[in-house]
Structures are given as structure tokens and as C-alpha cells.
Protein chains: 2
Amino acid sequence: MAQNKKNQFDQQDIDIALIAKALSHPARIAIIRALARRNTCICGEIVQMLPLSQSTVSQHLKELKDVGIIRGSIDGPRSCYCLDHQRLSWCMQKLSVFFNESITGILP
Amino acid sequence: MAQNKKNQFDQQDIDIALIAKALSHPARIAIIRALARRNTCICGEIVQMLPLSQSTVSQHLKELKDVGIIRGSIDGPRSCYCLDHQRLSWCMQKLSVFFNESITGILP
DNA sequence: GACGTATATCGTAAATATGCGATAAAGTCA
DNA sequence: TGACTTTATCGCATATTTACGATATACGTC
């Protein structure tokens, strides 16, 4: 029981759900906002800003990286993150289209 | 451990995360799409459309109802659901503002 | 090379989500 | 009333997420 049935849905719906899942925790929203504030990337400063441990923040960063919303690069002993604006725009586009179709009732 | 720290974040971020969470499962996306297709509400037909049991679908419907995206009404022995367009627009607005702020870097 | 710093990953515990069958509740119809 | 239909909810099993400390890794500095 409790088998995963998520892959039995339309790829479109799976994609939207994956984007939404990446945004479904306030820590990840806060991280995105923090990176948006300074277009220069931050690193462990993010840990200071959140009420979470270093390892937990690292996990959230990884989740955002996995969906491509942020990118990480190594800068000496520390690693810096920044938003992938192109990917962010793509996500917004996907969600916007979904919402607009749902609201207007005009679906493909 | 694994205590819930979600309420230690900005209310803004919590709100966005809650909207995203409601959309974070393909079944719920499919339900919204189905309701958008026919502006007339459906009921147990939704169960037929999804690869899930009746009880599981009922749970997903409840989750969408809890965030206000859909509304349910009783029609004889069956219950009908329909989109709350106003609430949907509000959700889209919230997400759009968040995305736009993040992309442009112009934050309040 | 030895030490300190920063970060990712591992292991684990707890919480939450997902999914189902069984059952309850509420309605319809003979 | 009794049989049937439809849906919500309960109880439970499993999967996933969240969170942390401990540890490993990688880098810079002395």
C-alpha cells in the first residue's frame, strides 16, 4: 500500500506539481527571496538568516538546485548560490499558463 | 527532532508555501484541470478520471477545499465540486508577485 | 603536513503525506 | 421500511519530508 502513483498522471500535471513542490516549504521561499535581494550570490549567510541548522539548510538548497531554480558554484572554501533567472521565468510561465487555463476554462 | 519549524518564518513565505503545497501533487492538478474543463461541477466522475481509489480522491478534494481553491456542495446523494475562480485568481496573484519580485530583484 | 573553516552527506528520529479498504452517513427509489 | 448509491471519514500501512548531529570532504592558512 501507499505505493507511489504519481507517475501515472499526465506529464504536464507531474511537471506543475514538481515546481509547486519545490516551493512548498517556507524555508525554500525565504531562500529564493534572499538570493533575489542580492543579485550577488550568498553562501552560508543563508544559514544565519534561517531558523534551521546548517545541514537542514543544505538539504533545502539541494532541493532547489535539483529543480534548477538555483545554481551553486564553489568559491574557495565556501560555495555560493544564485538564482537561475531563466529557469525561474520558465517555472512562472508554466504556473501562469496553468492558472490562466484553469480560470478561463480554455484548456488545450 | 523533526519538530515543525514552519511557523517560524515570515507569514508571507508561509502563505506562498501553503498555496504551492496544495498544488504539489499531480492528482490535485488533474482535479483542478478537470473542474476547469466543465464549468459545471463534477462529483464522483473525478474518481473515474484518476488512477486512485474513491477514498484517496476524497482526501485530495478535501485538501483543495481547505485552501479554498474548490468548493463543494451537496446535490442529492452526490456532492459536486467547482472551482472558486476568485480564490484561484488570488493564488495566481500571490505566486506571480513572488516570482516577479524574485526575477526582477525588486523586493519590498 | 597540521589545523581551522565551510559545506555536503550520512544516519537516524519524528512528522507528515499518500493510499487503500472498511465503515459510517445521507440520500434515492422501489 | 429496506435495498441501493454516493461520498466522507476512520484506521492502518507505507513512503516521503523535515530536521538534526556527526562525520566526511575540500579548501585555505600557518
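Lettering follows sequence order; numbering is per chain, from 1. Keep in mind that this is a model prediction, so the values were computed, not measured.
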Working note: Ile31(A) + Leu50(A), criterion side-chain contact (heavy atoms from CB on, under 4.5 Å); need CA distance, chi angles, decisive distance, verdict. CA-CA 8 Å; Ile31(A) 289 172; Leu50(A) 302 182; 3.8 Å; yes
Give the C-alpha distance, both sets of side-chain angles, the deciding distance and a yes or no for side-chain contact (heavy atoms from CB on, under 4.5 Å) between Val57(B) and His60(B). CA-CA 5 Å; Val57(B) 172; His60(B) 284 300; 5.6 Å; no
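For the pair Asp84(A)/Ile70(A), no side-chain contact is recorded, criterion being any heavy-atom separation below 4.5 Å from C-beta on. Side-chain contact check for Ile19(A) versus Cys91(A): some heavy-atom pair is nearer than 4.5 Å. In this structure, the side chains of Gln8(B) and Leu52(A) stay at 4.5 Å or more apart for every pair of heavy atoms. Here the side chains of Ile69(A) and Ile32(A) are in contact, with some heavy-atom distance below 4.5 Å.
Rounded to whole Å, atom C1' of dA8(C) lies 16 Å from atom CZ of Arg78(A). Taking atom NE2 on His60(B) and atom P on dT16(C), their separation rounds to 18 Å, with Å as the unit. In this structure, the NZ atom of Lys5(B) is 14 Å from the P atom of dT16(C), given to the nearest Å. A straight line from NZ of Lys62(A) to C1' of dT17(D) spans 14 Å, rounded to a whole angstrom. The distance from atom CD of Gln8(A) to atom C1' of dC20(C) is 14 Å, rounded to the nearest whole Å. Rounded to an integer number of Å, the gap from Glu63(B) CD to dT9(D) P is 13 Å. Leu50(A) has its CG atom 13 Å from the P atom of dT7(C), to the nearest Å. With rounding to whole Å, Ile31(A) atom CD1 is found 14 Å from dA19(D) atom C1'.
Across all their heavy atoms, Ala22(B) and Leu64(B) have their closest contact at O-CD2, 3.9 Å.
Residue Thr56(B) has no polar side-chain atom (N or O) positioned under 4.0 Å from OP1 or OP2 of dG19(C). Put simply, Ser58(A) has a side-chain N or O that comes within less than 4.0 Å of OP1 or OP2 on dA8(C). For dT6(D), the OP1/OP2 oxygens have no side-chain nitrogen or oxygen of Tyr81(B) closer than 4.0 Å. The side chain of Asn4(A) contributes an N or O atom lying less than 4.0 Å from OP1 or OP2 of dT16(D).
Map Leu52(A) and Lys6(A) each onto its nearest nucleotide of DNA chain D; the residue landing nearer the 5' end is Lys6(A). Closest-nucleotide positions on DNA chain D for Cys43(B) and His25(A) were compared, and the one nearer the 5' end corresponds to Cys43(B).
Side-chain to base pairing of Gln59(A) with dA19(D): one donor and one acceptor N or O lie within less than 3.5 Å of each other.
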Can you check each nucleotide of nucleotides 22-30 of chain C against protein heavy atoms at under 4.0 Å and return B for base, S for sugar-phosphate only, - for none, in 5' to 3' order? B----SS--
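When the nucleotides dT6(D), dC20(D), dA17(C) are ranked by their closest atom to the side chain of Lys21(B), dA17(C) comes out on top.
At its two ends the helix from dG1(C)-dC30(D) to dA30(C)-dT1(D) runs along axes set 10° apart, each axis drawn from five pairs and the angle rounded to 10°.
The backbone N or O of Lys21(B) sits less than 3.5 Å from a side-chain atom of Ser24(B), completing a donor-acceptor pair.
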Would you tabulate the side-chain donor-acceptor contacts of residues 94-108 of chain B under 3.5 Å, counting partners in other chains and residues two or more places apart, or write 'none'?
unit_1, atom_1, unit_2, atom_2, d
Ser96(B), OG, Met92(B), O, 2.9
Asn100(B), ND2, Ser96(B), O, 3.2
Glu101(B), OE1, Arg33(A), NH1, 3.4
Ser102(B), OG, Phe98(B), O, 2.8
Thr104(B), OG1, Asn100(B), O, 2.8
Thr104(B), OG1, Ile106(B), N, 3.2

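Between His25(A) and Phe9(B), the ring-plane angle classifies as perpendicular under the 30° and 60° cut-offs.
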